[in-house]
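Step one of this worksheet: look at the structure below.
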Amino acid sequence: MTRLKLFLAVLAMMVTSWAYAQDLTVTGTVKDSSTGDPVPFAAIQLKGTMIGGMTDGDGLYSMNVPGDGVLVFSSVGYKDAEVSVASRGVIDVLLDPDTEMIEETIVVAFGTATKESFTGSATVVKSDDIQKTQSSDVTRALEGMVAGVQMTTSSGSLGSSPSIMIRGISSINAGTAPLYVVDGVPYSGDMNNLNSADIESMTVLKDAASNALYGARGANGVIMITTKKAKLGEAKISVDAKWGLNTKALRSYDYITDPGQYYETHYNALYNYYRMEKGMSNEAANVLAAKNVTGAAAEGGLGYLTFTVPEGQNLIGSNGKLNPYATPGRLVNFMGEQFWLQPDNWMDATYKNSLRQEYNVSVAGTTGNAQIFASFGYLNNKAIVDGSDMYRYTARIRADYQAKEWLKIGMNMGYTNFNWNNGNSDEGSAGSVGNIFGFATMVAPIYPVFLRNADGSIKYDQYGNKRYDFGDGSNAGMSRPISGNANALQTVTLDTNNSEGNAINGTGYFEVKFLKDFTFTFNAGVGVDETRSTSINNMYYGQFAANGGIISKSHGRSFYLNLQQLLNWNRTFADYHNVTVLLGHEWYVSNGVSLGASKSKMFSLNNTELGGAVIDGQAASSGRSDYNNEGYFLRAQYDYQNRIFASASFRRDASSRFHPDHRWGNFWSLGGGWLINHEPWFNVRWIDMLKLKASIGSQGNDNIADYLYTDMYSITNSDGEIGVKRGSIGNPDITWETNTNFNAGFDFDLLRGRVSGSVEYFYRLTSDMLYFVSIPISYGFSGYYDNIGDMRNAGIEFAVNGAIMDRRNFRWDAYVNFTHYTNKIIMLPDTHKNREIDGYYGYASGNKYVAEGLPLNTFLMPKYAGVDKTNGLPMWYKDVLDDNGNVIGRTMTSEYSEATDYLCDDPTPDLYGGFGTSFSFYNFDISAAFTYSIGGLTYDSGYASYMSPPGGSVGSNFHKDVLKAWSPENKNSDIPRFVYNDQNINASSDRFLVPASYLNFQNAQIGYTIPASVTNRIKVDKMRVYVACDNIWYCSYRHGLDPRSSFSGGTNYASNSPVRTITGGINIVF
Amino acid sequence: MKTMKYILPVAVMLSGCDALDQDPSTSVTVDTAITSVEDLSNAVNGAYYVATYGTTMTVASELSIYADLVGPDSYQPASSGQNASRLAQYALTPADTYNAYYYLYAALASVNNAIDKAADLEDQEAAAPYVAELYAMRGLFHFHLATVFAPIPTSGSSNDMGLVLADKVFDISYIGERASLQDTYAMIVSDFTKAIGSGLNMARNSGHMNYWAALALRARAYLYMGDYDAALADARQVIGESPYTLYTPESYTRAWSQEGADEVIMEYLQTDVYNAQRYAPGYYTSPLGYSEYGVSPEFYAWMQQTPEDVRSQMVADLNIAPDPDYNPGFYPLKYPGNAGASVRTYTNNIKVVRLSEMYLIAAEAALHVGEDASQYINALRTNRIVGYVSVDEVDMDDVMDERRKELFAEGHAAFDCWRTGRAVVNGSFTIAPDDYRTVLPLPVEEVDLSGGRLKQNPGYGG
């Protein structure tokens, strides 16, 4: 019935729009009521119809309308005006500026600033955009929305958080994550404990003028998160319900999935081995390879025959092809038991689609001098693999009360109860037998997932568990060479990896106004997170069966307290000079405690407490860590006629991570802004706001582990005796890493606010880097921390938002941002410059070269020189040296150990950012958001692994490109030969360095707001239904490659990220 | 009431307290660590703990059977992709040997630090046995490193590079440089000698170096150096004076699960509460474990030719699998697990040196110096072979065969081949004594930080 009403209402609306006759021509001018300037490109709409027009560049218009119609004039930055035509031929209209829109405020350190007076660099993301992302971690909504912000996601586990980096890599060994500040108080809890439905806005502060007051921890940028508060007016109740479907979004490499083709390919590797390496004739090689392909791993075989082959025939024929009479599946009688062996698709067995549900209710209202916001949220999210799900309840209450004309108090309390199961704790570890994603992507398609009865049905054990094939002989005596004695698919269903607990984050404040110009604010923030974890390794199957199952319990509590005392003084002199001074003190205490124990030999999987197991694992432990800091600060701001702005700040900070003699650091900033459009001489009509701004300042970074300034011994159990061992070597001299930050740029608003944006240049210099100085390991320790080394990041950011079209019932917005930066190491300690390559002095670190003058993460590896067409072996370049060791030329070698390592560029993109668009058309709204990255390299380790011939490991997946490998019959291939036991054939080289560029369709949403005329009848202010999708699609250099998992150019094909979520929802406000 | 608005800010402005000084909860700082003889004793324990740390590629895991894995009689019933099978394939690269190197050097750093601190203790007399033990440990850990990362002197390898010698607490600006092979063994012998001469405990114990262990290991070091007179003298002293006795045919098969068995002069402990782990030889030699270390069918057959020899019972034909989880193969039975351990395959004390090796060293050295070797072989065989009849004469082949029978699976096989000029032949591998693969590569982390001063072993890429 309701649906019919809705349909009729829509229909009625559309029909009426054609019903009017246009019988009168109206002309006129639209002007700004405050300045008298014409308003160009203002939209004009005949009310209740689709008929409309717009003013020209001089604010003039002309259109045909019915004499009794009503015209609605609108333009961005103005309030709408409705005028009855009343048969008039000329209608001039004055539009009132919408001051609320222009006076945009930005949340900054210890306060707010108007957009105009702000001299730093900041980007705001509002709740409308935040709500588009279906994530338990609100920071994911920043992806692609903020210039300068880079994000990577290495895990798709529920409750995992992305890594965020703002304006380049600030440090080599100290942390590079930004500081989160929630409602003015630094937040160190789990981002998943904040409900994104409660967030009003997120502001990313990027430069020194914005961050310096967070001295201690602001060096990597600050993300200010502001929770919702009630607005003036009648109470609003908002109900939001979403139901979503999670699916796998990570693309697979193009590997061989057909079991027959896999057997052929493996056979081929053996065949090539026998004829090329063992000198056999083709015929003899064929016979032996066909015999061994399904034989034992020691003979190079796959260990399993999962096809039925006619008696006396081979699976692979003399032509090297699958026997056409072979059929998948085979019945085996083994030790008196019947087994049906069949090749399974491990990918399909691993992944499933799953449900996500989220419900949020909030109430916001004002009564007298009090504002109250309260919310409740419930999230139930299931992963796309077994054994993982997440429940979360959140509640928040925020109250602000103007108790006296001089006193305002408030508090804001958030509570979260969470319960996560993450069955796959080894995500990303390709070789781990406990990593389900590793299994899904590695195990060849010929192997069974399950043990089956003769009729093909899955076997069950006496406990009612499905029998999975562990490749350990349990399946008809067959041995799987890859990941033997393991099957992560079963482990995930039987094991437990659970965390549940409660988090409370609260802030309270009072604000006192006294004398005439003084305000004193006291802020207190406190957070507690209690998590209890249970880990169970089952007693039935896998590596812990021998122990009879292991149960581990742990409890952790983290606590922080932040106190701020802020004294503000504000005075305007002679009407022109406005001065604000802030004096403050901040105190931050945090600690964490842990307690854990384990036992083995469990009674039952259902008894999930230590009491249900009998053998003490001798692993009882507890620990505590403390980290505190304290700072004093002063900030002065000045503006002259709201035209020239200047700010200066100073902060003195101490951190418990440094020795008392080196604990305090001084940080400062200077900023200036010039609002050019407020100059009397400025007269460009289409520019509403033009600001030139610059800032410089320094901040500190102490983002290293605790207690690194002192040598430590740790206490060990030496078979029941006390042992002490040297744990680490400390350096008492370490102190703050300093980040000096310069920012300059323009902010602009054009065409009555239709276009706004900014262009900025930044230069970040990290000096006295907290650097882990490696020492030769024969010292007995791997190294220590010191303040040594300089690095810089420099780049530009550009962001623009615009309303491309703006009519009364049709609006089309778009945004784009991009960032380009370069990173360069300026100075390294002498002890680390043990090598010189192409004139750069530095050291090799894995497959990277860290050197003065080069970007961090510059790749260092042999360069691939193609295939030796005569024998199919890969070749790499090699320097030719003269007697003095000077390079005099370059040659090629097939001996990997002789290949020379060369510098091969770095992973930093040339350009990255996001773009998106949104339309609203009558009651429909559509949006789409993209992120992109251009340039930079990534090492495609997944492809390298899939391209490797069997040998060291047997039975892992092959990329289809191996079918194009060099062979005596295919001598022109660029892919080296595919021969069993070839060791270095795919050794690390620039052959696997590929562009890290990607285009990612991040999010799309389509919504429909039911007309107020309909909803008002049921006392509903607003009702909107929508469908949204996250992680829709991405493309990269190679199918299966996802370059978005690390900043340093690594990829991981054994992880689960990203997950696609398609959600349908309804939002009701009443 | 109005005055409240002045009082509140002032009161709150002054709050705050000084808690910037924080101490770690589970560690002690250096100044307080070694201030008494008890502390010194704890530091000794800690150094063993580090050397045998429960992870892959330590002297309590794969390194304890390294010479067997790369030797002529090893065979891999299964490949679980672990380091044992990679060692057996000679497949380790400079990126893979960090643990093998680091844990011993970390233990050496603890040893040298304790030696330094001990000098400041008041009660030097009480400290002396611990200091002597620390020197013995220093010799032992260097010896482990030398056999893995440098050739054995008598092997005739053209690689004459020894170890970076950890003979003191290094300065932070230190860069490792390799001593010559000769100086390396000179230091090993000198540390054992220092320990022997400075009050080292002479009583039997478990898990600690004592006087006899230092002497026995010095005998082995002399043997490896080709100093046969000295080797013979030390071995004789251990045989003649030590409190250890040879296993008998009756006790032999039972001895492997016991702590402090009759012959064991030095063993690394691996118990339920200490160092239990999956990389232990017990798990590698279990058909239900990694199963990466079995013996070759040829070795099994050879051992079975003398069924009257109790040692023939120390290899098992587990090819008839009683259980589908088995990895069928021929397995050594020297790692049955400690008696009473909860997971026996994870726990098995690692025998560092046994008395029977002294008989074998004495015999071999005696042959070299022209003395009678048969007495030692006869004494050993009498305790191994039921109804053994003594022989009058033995030659080098007899001694080597005896070593192969007596010491297999205890970290000797490949060394015995190479140091006597014989190649290891196993499957497709033939590794002559001067082959670069007779030693492991130094870890890349060590080489790269030396600014070219520390040379990698040849064959492993500069």
Please state whether the side chain, the backbone, both or neither of A:S953 comes within less than 4.5 Å of a heavy atom of chain B.
neither
So, B:Q270 and B:N338: side-chain donor and acceptor under 3.5 Å apart, yes or no?
no
Hey, mind stepping through A:Y707 and A:D626 against side chain to side chain contact (heavy atoms under 4.5 Å, CB included) and telling me if it holds?
CA-CA 9 Å; A:Y707 317 124; A:D626 286 280; 4.2 Å; yes
Heavy-atom distance under 4.5 Å to chain A: side chain of B:P77, backbone, both or neither?
neither
Are the side chains of B:P94 and B:Q456 in contact, using a 4.5 Å heavy-atom criterion?
yes
Is the distance between the ring centroids of A:F510 and A:F522 under 6.0 Å?
yes
Proximity breakdown for A:I615 and chain B, heavy-atom pairs closer than 4.5 Å:
side chain
Students often mix this up, so state it plainly: with edges at 30° and 60°, are the rings of B:F149 and B:Y101 parallel, tilted or perpendicular?
perpendicular
Looking only at heavy atoms and a cut-off of under 4.5 Å, which of B:Q76, B:Q89, B:R278 has the most pairs with chain A?
B:R278
By a 4.5 Å heavy-atom criterion (distance strictly below it), what part of A:Y779 contacts chain B: side chain, backbone, both, or neither?
both
Okay, A:I482 and chain B: the region with an atom under 4.5 Å from a heavy atom over there is neither
Side chain / backbone / both / neither for A:Y784 at chain B, heavy atoms under 4.5 Å
side chain
Just give me the residue among B:Y48, B:Y346, B:Y98 that pairs up with chain A most often, heavy atom to heavy atom, under 4.5 Å.
B:Y98
Would you kindly say whether B:T93 and B:D96 are connected by a side-chain donor-acceptor distance under 3.5 Å?
yes
Will you find, in the side chains of B:N327 and B:S291, an N or O donor that is under 3.5 Å from an N or O acceptor?
yes
Considering only heavy atoms, which portion of B:D171 lies under 4.5 Å from any heavy atom of chain A: side chain, backbone, both, or neither?
backbone
Taking the inter-plane angle between the rings of A:Y632 and A:W664 on a 0 to 90° scale, is it parallel (under 30°), tilted (30 to 60°) or perpendicular (over 60°)?
parallel
Greatest number of non-hydrogen atom pairs under 4.5 angstrom with chain B, of A:A297, A:A844, A:S774, falls to A:S774
Is it the backbone or the side chain of B:L269 that comes under 4.5 Å from a heavy atom of chain A, or both, or neither?
side chain
Counting heavy-atom pairs under 4.5 angstrom with chain A, the leader among B:A106, B:A78, B:G427 is B:A106
